[in-house]
Amino acid sequence: MMNLLLLLIMVAGVVNGKPVSLSVEGGRISFRVGEDVWLESVGAVVGNESYAGSSVGRTFEFGAMRGRLRSYKNSFIFEQHFPEGLEGTTVWPRFKPSTRRCFTYHGDFPQMASGTLETYQASDQGGLPLVVFDEETVSILSPLENPKAQRAVAVGVGIKTSAPAGWTQRWILTFGSSMRRTFDDWGATVLALLNVTNDLRFNMYRDPVHATIGFWTDNGGYYHYSTGLWPNQTYEQVLPLVKAYHESLGLKFGHWQFDSWFYPKDGGVSDGAVVNWTSLDSVFPSGMAAIQEKLGVPMVMHNRQWSVVSDYIKASSAGVEWLATGEPPNGAAVPRDPAAFFEWFFQQQDGWGLSMYEQDWMCTEYDKVAAMKTNLTLADDWLRGMAAGLLFGANLTQQYCMPYAYDVIAAAGFPRVTNARASNDYFHDKHGRQNWQIGATSLFYTALGILPFKDGFYSSNLPQPGGQNAGPELHPDREIIIATLSAAMVAPMDGLGYMNATRIKASCRADGVVMKPDLPLRPPDVCFFSDPPDYDIKPESCMIYETFTDFFDRRIHYIYFDNTTWLDETMLDDPNPRETKNLVAYNWYTRQLSALPTRLTPGYENHSYALVSPFLNGLAFLGQLDKYAPASRARFFNLSSTPNCPLQLTVFGVNESVTTCAATNNFTLVCETISFSAPRTENLCLHP
Ligand SMILES: *[C@@H]1O[C@H](CO)[C@@H](O)[C@H](O)[C@H]1NC(C)=O
Ligand SMILES: *[C@@H]1O[C@H](CO)[C@@H](O)[C@H](O)[C@H]1NC(C)=O
Ligand SMILES: *[C@@H]1O[C@H](CO)[C@@H](O)[C@H](O)[C@H]1NC(C)=O
Ligand SMILES: *[C@@H]1O[C@H](CO)[C@@H](O)[C@H](O)[C@H]1NC(C)=O
Ligand SMILES: *[C@@H]1O[C@H](CO)[C@@H](O)[C@H](O)[C@H]1NC(C)=O
Ligand SMILES: *[C@@H]1O[C@H](CO)[C@@H](O)[C@H](O)[C@H]1NC(C)=O
Ligand SMILES: *[C@@H]1O[C@H](CO)[C@@H](O)[C@H](O)[C@H]1NC(C)=O
Ligand SMILES: *[C@@H]1O[C@H](CO)[C@@H](O)[C@H](O)[C@H]1NC(C)=O
Ligand SMILES: *[C@@H]1O[C@H](CO)[C@@H](O)[C@H](O)[C@H]1NC(C)=O
Ligand SMILES: *[C@@H]1O[C@H](CO)[C@@H](O)[C@H](O)[C@H]1NC(C)=O
Ligand SMILES: *[C@@H]1O[C@H](CO)[C@@H](O)[C@H](O)[C@H]1NC(C)=O
Ligand SMILES: *[C@@H]1O[C@H](CO)[C@@H](O)[C@H](O)[C@H]1NC(C)=O
């Protein structure tokens, strides 16, 4: 006889008033939202064998694996434990496929792909987080620590290769009801379980690289393997001219980025691995410290996969051995003791001004070094060792570039990994996905406190002959709006003579500090739960992106629409929905004010961009309307109403004239202008 006794062992939170619970019968687990079975896990695969399994309370026995389950707030935590170790791989939980809608992320610069649990496919280093959703419920499954040691399958998770005795691997399944809220809860829970304080990482003004506009030379930019109109001159000769040009435009670039053109490789631009992370004599004949003296700004510097014939291997730098696969230029290597290597490595850049270390080609390093796949711990140790090494440099942060989804989940545990690239290189579209389309990936990154960088861009729509990329960029406003709303770096890459300073200045204060929103842009829930009125789409194709600036009594929304024009309240992420909403929409391009819902008139690049703000005491605050994030907290503080003043606020200005506007409830603008000649704050009162 089967044991038909159902043992209810746990409840984790409430979704839309319904308890999330699970019941266990032998090795079978049913997750319910109210009465509805949301997911069902049946047995496990351990060392390639299937086991029906048995359970005693929260502990499951499947051959050589012990499964453990516990609830934590609105989540369940799964633990696979191998007391004696294991030859082979595992799958547990092992979910029954169903017609439930889901999406996940695949590939480098992980991109969203949606379908159902029947059509779901896992991928190498992707397929997680796995989001299962309907109009009322959202669940998110992902690994916790050591994400590179695990893998996804259709449909489940497990360790990717043999485990030593005593190994434990954990995953989390979080439940909620709104897409963005559930992502935020998932991210907060992951960070809490990894002992990371979110505000440690999520300080988008922590240093000049994050806070100010920067000049970049990445792939797709004018100076990527090109010195422009002076091909026979070195970077050492040309870059100071570029800096002087920026100064002549009054642009205060607070950081620069050097890409892979500065260091020696064992092959070409697109395949060579790094031989020695130092400047080539042909690029900077006087060396890195000399060019840094001329530029005098904090630097972002690029690195790629390590060569199998690198100077570090030859010199046994830091006494570390290397694991290498293949021959130059196709091979790659990784230090056997990454923590020891990177502790030494990050002390070798004296005088470079290095502030952010950009690790690019992360997928390549992982894919090419065989031991990354056969050794359960090496890939996580590589990431952990890099992150720990940063502490030995001066105030270093790190950017992940070409990361897999699992790299980004690993980064949740490393507070100095502040950002990751969310799309392919500028003008290099991938699978029809354009570089600016970062919203779907931002949903994932933002929840973990990782800023989604969109890469640099051209600020001008004119041709830029002589550079790597001659353009023209036909939608520079779209580029810079998305960059500004990403809350990551705003990084023009134009050539000398080609920059559009007016456009760049619309992203920042006169001192170059970017006027950012409070969080990176993300698609609103309407992209997942009901099709926007204009067209039928999959969530990954929904090009409506929203973010905001919060003051204590109100939220000012910024909403970008690529090819739709309908704006209503379902597109607003509002933590305090009021019974009777009294909102105004401001069309950034036409300056029209209207009530919601409304249809926006697109601007000159054919997209629409709007602010939405609530009326309080007869005025809706909008801010400095010639900026892309007009209400940014880099400019405005301390909004309040007093008996004498319906809208009082503090304005911070540098060396500039700031016009601050609000909307009246008969849809007219009221504005006041303050001129600043030195950095200071001014109080201002706006009256209807
Ligand atoms: C499990 O399967 C993999 C690939 O199918 C194989 O390489 C491995 O030897 C198998 N392990 C065991 C314990 O059978
Ligand atoms: C987090 O901190 C707790 C308490 O100090 C500790 O038991 C746990 O192992 C830590 N978790 C991680 C992932 O470091
Ligand atoms: C650069 O140098 C090459 C060979 O030395 C020469 O043929 C070419 O004309 C030079 N170009 C310019 C723009 O000076
Ligand atoms: C890398 O190159 C620099 C400059 O040539 C040299 O001083 C340094 O020793 C090299 N690094 C190693 C590990 O050999
Ligand atoms: C796996 O990699 C780690 C470094 O992460 C190393 O200490 C260990 O020796 C490696 N194991 C094997 C079997 O090579
Ligand atoms: C690190 O950053 C802090 C804050 O920006 C600054 O005060 C300090 O001087 C920096 N330290 C180094 C070594 O650059
Ligand atoms: C620069 O950008 C502004 C929009 O910010 C645009 O109006 C102007 O025409 C552009 N200038 C050039 C020379 O393209
Ligand atoms: C809007 O753009 C997206 C992405 O480019 C595309 O998939 C969709 O079909 C477009 N919709 C309309 C109505 O043009
Ligand atoms: C805007 O749309 C019009 C009409 O389809 C088209 O002619 C024009 O090229 C578009 N402009 C841009 C910048 O895409
Ligand atoms: C905001 O107001 C508080 C007190 O209400 C004050 O301490 C603070 O300095 C003000 N901030 C600015 C930027 O004026
Ligand atoms: C202030 O801005 C003006 C131009 O707007 C510029 O000429 C001047 O040098 C700036 N002053 C400072 C201190 O940056
Ligand atoms: C809008 O209201 C303001 C004061 O609240 C008033 O001065 C103005 O005349 C009104 N405009 C219209 C068009 O009614």
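Counting starts at 1 for both ligands and their atoms, in listed order.
Less than 4.0 angstrom separates some heavy atom of Ser317 from each of these atoms of ligand 4: 13 (C). Listed by atom number, the atoms of ligand 2 under 4.0 Å from Leu193 heavy atoms are 11 (N), 13 (C). Annotation for ligand 4: atoms under 4.0 Å from non-hydrogen atoms of Thr278 are 2 (O). Less than 4.0 angstrom separates some heavy atom of Glu145 from each of these atoms of ligand 2: 13 (C).
Considering backbone and side-chain N/O of Asn276, one or more are found under 3.5 Å from N/O of ligand 4. Annotation: Asn195 places an N or O atom under 3.5 Å from an N or O atom of ligand 2; distance criterion only.
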Checklist entry - Taking it one step at a time, do Glu473 and Tyr426 satisfy side-chain hydrogen bond (donor to acceptor under 3.5 Å, both in side chains)? => result CA-CA 10 Å; Glu473 166 61 66; Tyr426 181 53; 2.5 Å; yes
Checklist entry - Do Val334 and Phe341 pass the side-chain contact (heavy atoms from CB on, under 4.5 Å) test, and can you show the C-alpha distance, the side-chain angles, and the key distance before you say yes or no? => result CA-CA 10 Å; Val334 68; Phe341 176 72; over 6 Å; no
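Neither the backbone nor the side chain of Leu144 comes within contact range of ligand 2; no heavy atom lies under 4.0 Å.
Classified by interplanar angle (parallel below 30°, tilted 30° to 60°, perpendicular above 60°), the ring pair Trp261/Phe284 is perpendicular. Between Trp186 and Phe444, the two ring planes are tilted [angle within 30° to 60°]. Ring geometry for Tyr458 versus Tyr222: interplanar angle of 30 to 60°, hence tilted.
Sorted by chain then number, the residues whose non-hydrogen atoms approach ligand 7 to under 4.0 Å are Asn461, Asn500, Arg503, Tyr604.
We find that Arg66 and Glu79 are not joined by a salt bridge, their nearest charged nitrogen and carboxylate oxygen being 4.0 Å or further apart. Salt bridge Glu656/Lys505: absent, no basic N to carboxylate O contact under 4.0 Å.
Counted within 6.0 Å of CD on Gln347, heavy atoms from surrounding residues, nucleotides or ligands total more than 12; the atom is thus considered enclosed.
Scanning for side-chain hydrogen bond (donor to acceptor under 3.5 Å, both in side chains) contacts around Lys148 gives Gln125, Asp407, with sequence neighbours left out.
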